[in-house]
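Structure first, then comments.
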Amino acid sequence: MARSQLSFPRWTLLLSLAILLGCLVIPGVAVKHENFKKCSQSGFCQRNRALADEVSSKGSSWNSPYELDASTIQFKDGQLQGTVLKSISTTESVKLPLVVSFLDSGVARIVVDEEKRLNGDIEIRHGSQARKERYNEAQSWAVVGGLEVSKSAALSSEPQDGVTKVLYGPDNSYQAIIHHAPFSVEFQRDGQTHVQLNNKGYMNMEHWRPKVEAPSDGEQEVLTSQEDEGTWWEETFGGNTDSKPRGPESVGLDITFPGYRHVFGIPEHADSLSLRETRGGPGNHEEPYRMYNSDVFEYELDSPMTLYGAIPLMQAHRKDSTVGVFWLNAAETWVDIVKSKSDTQSHWFSEAGQLDVFVFLGPTPQDISKDYGALTGYTQLPQHFAIAYHQCRWNYVTDEDVKEVDRSFDKYQIPYDVIWLDIEYTDDRKYFTWDPLTFPDPVSMEEQLDDSDRKLVVIIDPHIKNQDKFSISNEMKSKGLATRNKDGDTYEGWCWPGSSNWIDCFNPAAIKWWTGLFKYDKFKGTLPNVFIWNDMNEPSVFNGPETTMPKDNLHHGNWEHRDVHNINGLTFVNATYQAMLERKKGELRRPFILTRSFYSGAQRVSAMWTGDNQATWEHLAISLPMVLNNGISGYPFAGADVGGFFHNPSKELLTRWYQTGIWYPFFRAHAHIDTRRREPYLIAEPFRSIITQAIRLRYQLLPAWYTAFHEASVNGTPIVRPQFYVHPSDEAGFSIDDQLYLGSTGILVKPVVSEDTNTAEVYLADDEKYYDYFDYTVYQGAGKKHVVPAPIEKVPVLMQGGHIIPRKDRPRRSSGLMKYDPYTLVVVLDRNGQADGTLYVDDGETFDYQRGGYLHRRFQFQDSVLSSENIAIPGPQTAAYLKTVAKVHVEKIVVIDPPQEWKGKTSVTVMEDGAKASSSASMEYFAQEGGQAPYAVVKNPRVGITKTWRIEF
């Protein structure tokens, strides 16, 4: 939704202006840079960057003030503890407790705290109620497992010569080398260093110190300081003054990846997949990458500027090796990147909290995905409808409008699964209500959708209209469930409803209360096919500093907002997820929730989208690296607004965007309130038919998509994968971010993202044969680009040899109506005449799959035999589920590039487990010319999808 600070009138006025608005060309509005800080306007960013400059200028003469006191070192049960001393004068030092944990997974964790704050031995200024400790609860929100400490980790020898060495990881093949003075750590795999902490000496923990007031004019003493204290004690930006009751408290650290030139991750930014340098120079950024979840109106591209979400996971990749770090800190964070000929050096600094870093040594991208997912959770397995097509705009104006859109999709035979309502469905912007004039009968609307197994998503934001007559507002305030200002009173800000208060989902009592609001008897007018969109949860505050909440606001437990800002959105979507689970006793369905703000762990409960993009070719192009980056960062259920949120796309741009959007894991069209209607059926021919075919292609491949979602849910692998992830040895592909692979299917897609383009250059890393998805044209040749025809009616899609792709070829109105349709198996043979693939299916709604209620088959083609075997782990729900799909069968098998000997064959032999005898099925061989591979088609082999079988060709 657009995030301007305008307040729109009621729909009576909007409806009368609808035709006029539809004719307007919306003027471009660039991001308001003055609303958001640059590093030079952020005190702690300035200070940490200045420290890095000072250290670099001094070179070898720099003496880091941090030293590990060897006498404090203790090692037991895979954990090293000690005290790091920070020298602040020749006679005084600050104690910083250190814990290094070596985990069963082979991940290492380094935590540094501050003794005085930890013990509460400090003074808080301004009478603030804020906590004295450094924030230490990020783990409780972001981390859900993987913290078991390795009992096999061991000291390689007793600490000596200023060094402590620990062996850990698989077969103790990893080594952490902890240098005492100055304190630094290097992590080795197979005897080679891959990650270094504080190698450059940028470590910085701003210890607590009392504010020394300047003397009055009459006093003789003149106080001096070597440091600029201008932003230590308070900081003003955009008319708001941050009181900083705890003084300066930032943490910083340099993390170096020796031998690595490419680093990826730390979403969300509208930038390339391979992160750029941030200290200037041709093609580089001047600013650090910033992570401070923000409502950025019409964000710009190719920028390190912060956006709506933050995942502080960085991966470094080189030929056949991937390593990574996870910076567990919920406060505002900046990251500088500098590259040399062989190394990449990153510099991380956060405004508050502990220094808490996880180190991953890979060595594959899949290892990073799995180990990071073991910590923060793998992506949810959503309801099946959620991976189909979603239709949205701000706003569908009445319940009859929704019904008409629904009927029109059917009239033009365009499939869709979900229609969405933005804020105008509510009564005067009060959530959990319906506008009595425009949505008088929501149940009738939902029932019509349900007739075609379709769903409705409605928006619910964290700001609650501050109105005495609104019972939800009164309850939240009277029960003390709202976020408080620095004085401890209920915080009031401005958002869509006008004066608003924000629910504090750090508070368990607030979560319990929030959960009750979604029950059917409370949220009247909602049926089980209604799901939720959580927006504005950065939080967005129109009159707040940087369009968000003041940092000295207080949350449950008296943590300041500065401590928890980036986790705020996650706590809100967590609460909504819990609420959706408990809507009705005995009715347990997987929730579907879309969130705009996110942090590590949000993948467990929600999908995300890239926010308020624009209808430009450039925004279409940047959506690919943004979605890919989220996928490798553990949050693969990602998408961008198809068509662009702001402005009116041309027919060509809209068409190409649909052809791209069908390859987003989250596939939703969305548009601003001031744009013209652009539902696919309204678009003139031939574009309407081309868009329809693109959407149908998504539906045809839903079995492959759902299988990829399942894989992501059990091992963290991305649903759509960048080039380096699939081909980690091919250095020429490491920076490619405009083409993608779908799961493990071998489907390679190169969307067209530029105007007036009729061909696409697809880069092939390997020497395997690739086949055009539609006509089986063969492309082969490793390490080079291949020109693929891409007229407006065509999506460039190739299939890599060696895969078996499950499809459903019968077009339906929604995915729910396809549930019991038969399957087509596309067997794409490799150079050796082999192929394999998998299919995962469950009921698409409940959690029965966790108790065995699913089907998981592996298909293999070898020695001219196609077989199906069960790879599911049985459970108490297995038999019941398999019974429901017992009649579902394979109706067609397509074999691409079969042996020449098949020419002239007219049948195959079918042997199904349990059958008394083998049977035959007809086969037809099709020879092709002009570079197109031959193919064979087996029609109706009469094999059940749940059965074990063999087909001999």
Side-chain angles (χ1 to χ4, degrees), residues 1 11 382-410 414-427 429-461 517-535 573 576-577 579-581 583-584 587 589-596 606-607 609 639 641-642 666-671 673 677 679-681 695 812-817 844-845:
M1 177 188 297
W11 271 109
Q383 285 208 33
H384 191 274
F385 77 80
I387 71 172
Y389 174 51
H390 300 248
Q391 180 63 48
C392 183
R393 74 171 283 111
W394 179 24
N395 207 84
Y396 290 112
V397 297
T398 66
D399 49 19
E400 287 300 324
D401 186 12
V402 172
K403 290 179 181 179
E404 181 58 30
V405 172
D406 180 65
R407 287 190 289 264
S408 297
F409 269 89
D410 288 347
I414 304 172
Y416 90 100
D417 267 62
V418 193
I419 193 165
W420 293 54
L421 293 177
D422 215 314
I423 54 174
E424 310 304 339
Y425 80 91
T426 62
D427 180 10
R429 311 283 173 86
K430 296 192 291 285
Y431 300 113
F432 304 100
T433 69
W434 298 88
D435 188 310
L437 298 178
T438 55
F439 286 87
D441 190 6
V443 168
S444 171
M445 170 182 64
E446 293 154 19
E447 287 174 340
Q448 177 178 313
L449 296 173
D450 197 47
D451 287 343
S452 299
D453 213 347
R454 290 174 176 148
K455 320 298 178 188
L456 178 72
V457 171
V458 298
I459 198 167
I460 300 282
D461 291 346
L517 299 180
F518 287 80
K519 295 186 183 298
Y520 296 123
D521 59 347
K522 280 289 189 79
F523 193 178
K524 296 185 185 299
T526 59
L527 298 179
N529 64 336
V530 176
F531 296 86
I532 303 298
W533 173 12
N534 283 164
D535 200 353
V573 74
T576 302
Y577 185 87
M580 295 296 283
L581 284 178
R583 270 195 287 187
K584 182 179 178 182
E587 181 188 271
R589 295 289 184 271
R590 300 176 224 169
F592 171 74
I593 302 163
L594 180 72
T595 183
R596 190 173 71 173
S606 60
W609 92 108
D641 283 345
V642 171
F666 175 60
F667 174 32
R668 181 186 74 154
H670 188 34
I673 197 170
R677 283 289 182 98
E679 287 71 24
Y681 55 81
I695 296 172
R812 302 284 188 187
R813 289 176 291 163
S814 72
S815 69
L817 300 179
E845 297 179 53

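We use all heavy atoms of the structure for the numbers below, so side chains are in, but hydrogens, waters and symmetry mates are not.
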Please report whether the ring centroid of F518 lies less than 6.0 Å from that of F432.
yes
Salt-bridge test for D401 and R677: reply yes if a basic N is under 4.0 Å from a carboxylate O, no otherwise.
yes
Using the ring centroid of each side chain, check whether H384 and F592 are separated by less than 6.0 Å.
no
Supply the atom-to-atom distance R589 CZ to E845 CD, rounded to the nearest 0.5 angstrom.
5.5 Å
Is a salt bridge present between R813 and D410, judged by a nitrogen-to-oxygen distance below 4.0 Å?
yes
Measure the spacing between CG of L517 and CZ of R583 and express it to the nearest 0.5 Å.
13.5 Å
For residues L594 and S606, determine if any side-chain heavy atom of one lies less than 4.5 Å from a side-chain heavy atom of the other.
no
Just checking, is any N or O donor in the side chain of T595 or N534 under 3.5 Å from an acceptor N or O on the other one?
no
Carefully, step by step, assess D417 and K455 under the rule salt bridge (charged side-chain N to carboxylate O under 4.0 Å, His left out).
CA-CA 6 Å; D417 267 62; K455 320 298 178 188; over 6 Å; no
Going by heavy atoms in the side chains, are D406 and Q448 under 4.5 Å from each other?
yes
Report the distance from atom CG of D435 to atom CG of L421, rounding to the nearest 0.5 Å.
11.5 Å
Would you call R429 and D427 a salt bridge, using N to O less than 4.0 angstrom?
no
Does a side-chain heavy-atom distance below 4.5 Å link I532 with V458?
yes
Considering only heavy atoms from C-beta outward, does the side chain of Y577 approach that of R590 to under 4.5 Å?
no
Indicate, with yes or no, if the rings of W609 and F666 have centres closer together than 6.0 Å.
no
Verify, without hydrogens or angle tests, whether S452 (side chain) and L449 (backbone) share a donor-acceptor contact under 3.5 angstrom.
no
Using distance alone, with no hydrogens and no angle criterion, decide if Y396 and Q391 have a side-chain donor and acceptor under 3.5 Å apart.
yes
Which heavy atom of M580 sits nearest a heavy atom of V530, and at what distance?
CE-O, 3.6 Å
Here the pair of heavy atoms bringing I695 nearest to P680 is CD1-CG, 4.2 Å
Are R668 and W533 in a cation-pi contact, defined as NZ or CZ under 6.0 Å from the six-membered ring centre and within 45° of the axis?
yes
Can N395 and Y425 be counted as having a side-chain donor-acceptor contact under 3.5 angstrom?
no
For K522 and K519, indicate whether the former's side chain and the latter's backbone hold a donor-acceptor pair under 3.5 Å.
no
Using a 3.5 Å distance criterion without hydrogens, assess whether the side chain of T526 forms a donor-acceptor pair with backbone atoms of Y520.
no
Nearest heavy-atom neighbours spanning V418 and V457
CG1-CG2, 3.5 Å
CG of D453 to CZ of R812, rounded to nearest 0.5 Å, is 12.5 Å
Scanning both residues in full, the closest heavy-atom pair of T426 with Y431 reads CG2-CD2, 4.2 Å
Can you list, pair by pair, the side-chain donor-acceptor contacts under 3.5 Å of residues 439-446, counting residues two or more places apart and other chains?
unit_1, atom_1, unit_2, atom_2, d
D441, OD1, S444, N, 3.3
S444, OG, K403, NZ, 2.6
E446, OE1, L527, N, 3.0

Rounding to 0.5 Å, atoms NE2 (H670) and CH2 (W394) come to a distance of 8.5 Å
With a 6.0 Å cut-off on the ring centroids, do Y416 and Y389 count as close?
no
Enter the distance from I419:CD1 to R454:CZ here, rounded to the nearest 0.5 Å.
9.0 Å
Using a 6.0 Å distance limit plus a 45 degree cone around the ring axis, check whether R393 lies over the aromatic ring of W420.
no
